[in-house]
Number of protein chains: 2
Amino acid sequence: MAAARAATATVTHYKAAGYRYHTLMNVSSKPERTRLSAEDWELAAMQLIADQGVGAVAVEALARQLGVTKGSFYWHFRTREALLNATLERWEQHGEREIFSQIELIADPRERLPELFRRVAHELQSHRVYAALLKALDHPQVVPVMARVSQRRMDFLTTAYREAGLPPPQALNRARLTYAAYVGFLQLNFTLGLPRINHEEFDAYVEHMIATLIPA
Amino acid sequence: MAAARAATATVTHYKAAGYRYHTLMNVSSKPERTRLSAEDWELAAMQLIADQGVGAVAVEALARQLGVTKGSFYWHFRTREALLNATLERWEQHGEREIFSQIELIADPRERLPELFRRVAHELQSHRVYAALLKALDHPQVVPVMARVSQRRMDFLTTAYREAGLPPPQALNRARLTYAAYVGFLQLNFTLGLPRINHEEFDAYVEHMIATLIPA
DNA sequence: ACCGATCCATACTCATCCGTATGGTTACCG
DNA sequence: CGGTAACCATACGGATGAGTATGGATCGGT
């Protein structure tokens, strides 16, 4: 009765850099399962959030996807809520280093903002979790996380605009405008699929953003 | 056994202008129920969407709020999906006339955009449904509606920017940027509650938007 | 080789919510 | 005033998903 296990196989870990690797690529042979850890559940949950939103994080569905049953889950986590919190916290930690570490290496403050825009624009796959979390703000667990993350990013933008020459009050408003444009863009694209903008036109849009929002 | 009826009373119809009026304001007296129509259910659903999102539209919850039972609902609608579709369609119809009818009366194209910005900014209560619908784009029923509405608004913005003097390609990109800023602003405010911006500072932000996005 | 700790499967309970069936009540019309 | 259609209540069935109980399997250390 231990069949129906290698059914849904493709796991494709979210940034599985350096983690334990027991993804099963084979089609219908032995599942070659390793035992799972709490981390595995969190990563799978994160992937699920990116693909289908926070609401899709159900323990039985996750268990099927990982090739186990609920029994495993409730050993690692006390409740579904606990998994969500752990996953969100992991995302918050991991996500901070993603952009800021790279950007702060750019010496010239004038070049920092355009470069930030271009990089963010071309790394969209990494922002799918953020977009999914935006749509889940009615869920009380995600609100504080998103509030912290958004605040930090806004602060970053504000100082960047100041360093680019804007007087403080304008810098704050420009940061608000920029961040709102970023958030809105996420929504209007890979959640709503507005007239699927193509590559070169997208680049033109990014350059237009830079020209409009960043002071010469 | 017909008690537990005047429990949840406050209905506060969404724009109940000219509709049948059987909202019960009294606290604990007779509910003075009139019989319901399909329209009543749609309005209540719309209110619920604005308050708690699309996912909260459950027929038994709605029935409780309206002081009836499911039996009523399934007389007016074949299914829950049907109610959602009807509600969304009603919103789409009703929402179109809301802004455009007023704005197109403004003769000078140069004044049209700033005026649009100011009005939209001060009528935020009316955009709560739109914000809730943005968070429900994983729900297949809302996607086509939002696609149509967003496309129409984008087109409106694009021609407005052209009339304000921008060359066509720039006008399109500026419209994209503006609309993204609008959408993002909705998210970051009454779903996420970022540092609750106050009134005068908010006006300053709107003027900053106008100065930044609208060509002199 | 054994044994305790770790990990997982099976089989439940319980709550929620959509939808159906059916009979009762209220309004309206001739 | 009587009857038909519109409206609603009650009581189901069935599906889903969270959480619990408990015993079996597996791993690591000694």
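In what follows, every chain begins at residue 1, and chains take the letters A, B, ... in the order their sequences are listed. All values derive from a computational prediction rather than experimental measurement.
The V59(A) side chain lies nearest to dA18(D) when the options are dA18(D), dA9(D), dC18(C). With distances taken from any side-chain atom of K70(A) to the nucleotides dC18(C), dG19(D), dA9(D), the minimum falls on dG19(D). The side chain of T69(B) sits closest to dA9(D) out of dA27(C), dA9(C), dA9(D).
Rounded to whole angstrom, the span from the OH atom of Y74(A) across to the C1' atom of dC14(C) amounts to 13 Å. The CZ atom of F73(A) sits 13 Å away from the P atom of dC8(C) (whole-angstrom rounding). Put simply, CD on E60(A) is 13 Å from C1' on dT13(C), counting in whole angstrom units. One atom, CZ of R35(B), and another, C1' of dA27(C), lie 5 Å apart when rounded to the nearest Å. Rounded to an integer number of Å, the gap from L36(B) CG to dA27(C) C1' is 14 Å. Remark: P of dC7(C) and CG of D40(A) are 11 Å apart, rounded to the nearest angstrom. Per the geometry, CG belonging to L62(A) stands 14 Å off P belonging to dC8(C), to the nearest Å.
Below 30°, between 30° and 60°, or above 60°: for Y205(B) and F185(B) the angle between ring planes is below 30°, a parallel geometry. Using a 30° and 60° split on the angle between ring planes, F202(B) and H122(B) fall in the tilted class, from 30° to 60°. Below 30°, between 30° and 60°, or above 60°: for W41(A) and H76(A) the angle between ring planes is between 30° and 60°, a tilted geometry.
At a non-hydrogen distance threshold of 4.0 Å, T79(B), R80(B) from residues 75-84 of chain B come into contact with DNA chain C.
Atom CD of E200(B) has 12 or fewer heavy atoms from other residues, nucleotides or ligands within 6.0 Å.
Between L66(B) and A44(B), the closest heavy-atom pair is CD2-CB, 4.0 Å. Of all the heavy atoms in A86(B) and F77(B), the pair that sits closest is CB-CE2, 4.2 Å.
Judged by distance alone, with hydrogens and angles left aside, the side-chain atoms of R128(B) form a donor-acceptor pair with the main-chain N or O of A50(B) at under 3.5 Å.
Toward the 5' end of DNA chain C, the nearer of the two residues G71(B) and S72(A), judged by each one's closest nucleotide, is S72(A).
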